[in-house]
Amino acid sequence: MALDELKASVPAYAKDLKLNLGSVIGNSPLPQQQLWGTVLACAIAARSALVLRELEPQARENLSDEAYTAAKSAAAVMAMNNVFYRTRHLLSDPEYGTLRAGLRMNVIGNPGVEKVDFELWSLAVSAINGCGQCLDSHEQVLRKAGVDRETIQEAFKIGAVIQAVATTLDAEAALA
């Protein structure tokens with residue numbers, strides 16, 4: 001089981017990450033599609049080949065072909081959007097916010113899965129990438145769709161733990 005192997009590779013000094021990885025994935029209250037789509041999108045966003053290689057097979061097993069593709073699409077489009085919208089937000093000149101983005105984002109309107117699932121995955125990726133404007137936007141869409149705060153928090157908890165594990169394991173690999 002890849003999750004167990006990933007947990008076993010977490011060093012002793014990061015025991016909290018190992019425990020959190022087991023709980024946010026192993027004991028998640030999210031439905032399987034939401035859970036594994038979030039895991040896959042976050043593993044991609046964390047930019048760790050090791051973490052992605054360990055978590056992808058189990059995500060593949062637990063997702064339909066459409067959901068698997070949509071989770072990867074969420075990571076891809078948010079990689080672009082998070083940089084673009086975070087930059088516009090951080091620039092002190094508010095005029096950038098009035099300019100047309102001119103970027104294709106068609107997958108957001110037609111992701112191939114339930115819109116709520118795609119929005120949840122996009123929010124989790126936005127948490128990893130640190131885009132406040134995207135976080136607010138996706139959170140508002142989710143709340144309007146009736147998603148509770150606990151569910152939304154589960155998604156960004158998964159993102160936080162996967163990012164921390166990726167950072168730790170990549171640092172260990174670099175120091176080896």
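Below, all heavy atoms of this structure are taken into account, side chains as well, without hydrogens, waters or symmetry copies.
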Fill in: Glu119 side, atom CD; Arg143 side, atom CZ - distance, nearest 0.5 Å
14.0 Å
Discussion item. Check for me, please, whether Leu103 and Tyr85 land in the same ILVMFWY cluster - side-chain distances under 4.5 Å, paths through other members count.
Written reply: yes
Discussion item. Just verifying a value: how many Å separate Leu30 CG and Leu120 CG, rounded to the nearest 0.5 Å?
Written reply: 6.5 Å
Worksheet entry | Stepwise side chain to side chain contact (heavy atoms under 4.5 Å, CB included) check, Trp36 with Ile25 | CA-CA 8 Å; Trp36 286 103; Ile25 296 175; 3.7 Å; yes
Item to complete: Taking the side chain as every heavy atom from C-beta outward, state whether Trp121 and Val113 have any atom pair closer than 4.5 Å.
Response: yes
Worksheet item: Can you tell me how far CZ of Arg88 sits from SG of Cys131, rounded to the nearest 0.5 angstrom?
Response: 10.5 Å
Item to complete: Name all residues meeting the side chain to side chain contact (heavy atoms under 4.5 Å, CB included) criterion together with Val24; count only those two or more places apart in sequence or in a different chain, and write none if there are none.
Response: Lys157, Ile158, Val161
Discussion item. Nearest 0.5 Å, please: how far is CD in Glu5 from CG in Leu55?
Written reply: 11.0 Å
Fill in: Side-chain heavy atoms of Val10 within contact of Glu172, under 4.5 Å
no
Worksheet entry | Residues forming a side chain to side chain contact (heavy atoms under 4.5 Å, CB included) with Glu114, sequence neighbours excluded | Asp117
Fill in: Qualifying residue for side-chain hydrogen bond (donor to acceptor under 3.5 Å, both in side chains) with Ser126, from Asn82, Asp136, Asn81
Asn82
Worksheet entry | side chain to side chain contact (heavy atoms under 4.5 Å, CB included) between Ile108 and Ser122, intermediate numbers included | CA-CA 9 Å; Ile108 293 173; Ser122 296; 5.6 Å; no
Fill in: Met80 versus Arg104, closest heavy-atom pair with distance
CE-O, 3.3 Å
Fill in: Shortest non-hydrogen separation from Leu63 to Gln33 and the atoms involved
CD2-O, 3.6 Å
Worksheet item: With side chains defined as the heavy atoms from C-beta onward, is the minimum distance between His138 and Met78 less than 4.5 Å?
Response: yes
Worksheet item: Honestly curious: do Leu50 and Leu3 fall in one hydrophobic cluster under the side-chain, below-4.5 Å linking rule?
Response: yes
Response to the item:
Sorted by chain and number, sequence neighbours left out, side chain to side chain contact (heavy atoms under 4.5 Å, CB included) with Arg47 holds for Asn129
Worksheet item: Below 4.5 Å, heavy atoms only, C-beta onward: do Tyr13 and Thr168 meet side chain to side chain?
Response: yes
Item to complete: Hey, could you give me the CG/CD1 distance between Leu21 and Ile162, rounded to the nearest 0.5 Å?
Response: 7.0 Å
Fill in: Residues that Glu56 engages under side chain to side chain contact (heavy atoms under 4.5 Å, CB included), provided they are two or more places apart
Leu40, Leu52, Arg60, Tyr68
Worksheet item: Which pair of heavy atoms, one from Val51 and one from Ala43, lies closest together, and at what distance?
Response: CG1-CB, 4.3 Å
Practice prompt. Compare all side-chain heavy atoms of Pro29 with those of Glu154 and state whether any distance is below 4.5 angstrom.
Written response: yes
Item to complete: Mind checking the CG-CZ spacing from Leu142 to Arg149? Nearest 0.5 Å is all I need.
Response: 12.0 Å
Practice prompt. Show the numbers, then the answer: is there a side-chain hydrogen bond (donor to acceptor under 3.5 Å, both in side chains) between Ser137 and Gln133?
Written response: CA-CA 6 Å; Ser137 175; Gln133 190 171 0; over 6 Å; no
Item to complete: Can you tell me which residue pairs pass the salt bridge (charged side-chain N to carboxylate O under 4.0 Å, His left out) test with a partner in residues 9-23, sequence neighbours excluded?
Response: none
Worksheet entry | Close side-chain approach of Leu169 and Pro11, heavy atoms under 4.5 Å | yes
Worksheet item: Can you name the closest pair of heavy atoms from Ala166 and Ser48 and give their distance?
Response: CB-CB, 3.5 Å
Fill in: Min side-chain heavy-atom separation Phe118-Val107 under 4.5 Å
yes
Worksheet item: Taking C-beta and beyond as the side chain, do Val116 and Gln34 meet within less than 4.5 Å on heavy atoms?
Response: yes
Worksheet item: Nearest heavy-atom pair of Ser92 and Pro94: which atoms, and what distance?
Response: O-CD, 3.1 Å
Practice prompt. Can you tell me which residue pairs pass the side chain to side chain donor-acceptor pair (under 3.5 Å) test with a partner in residues 93-103, sequence neighbours excluded?
Written response: none
Discussion item. To check you understand the geometry: which heavy-atom pair defines the closest contact between Gly159 and Cys42, and what is its length?
Written reply: CA-SG, 3.5 Å
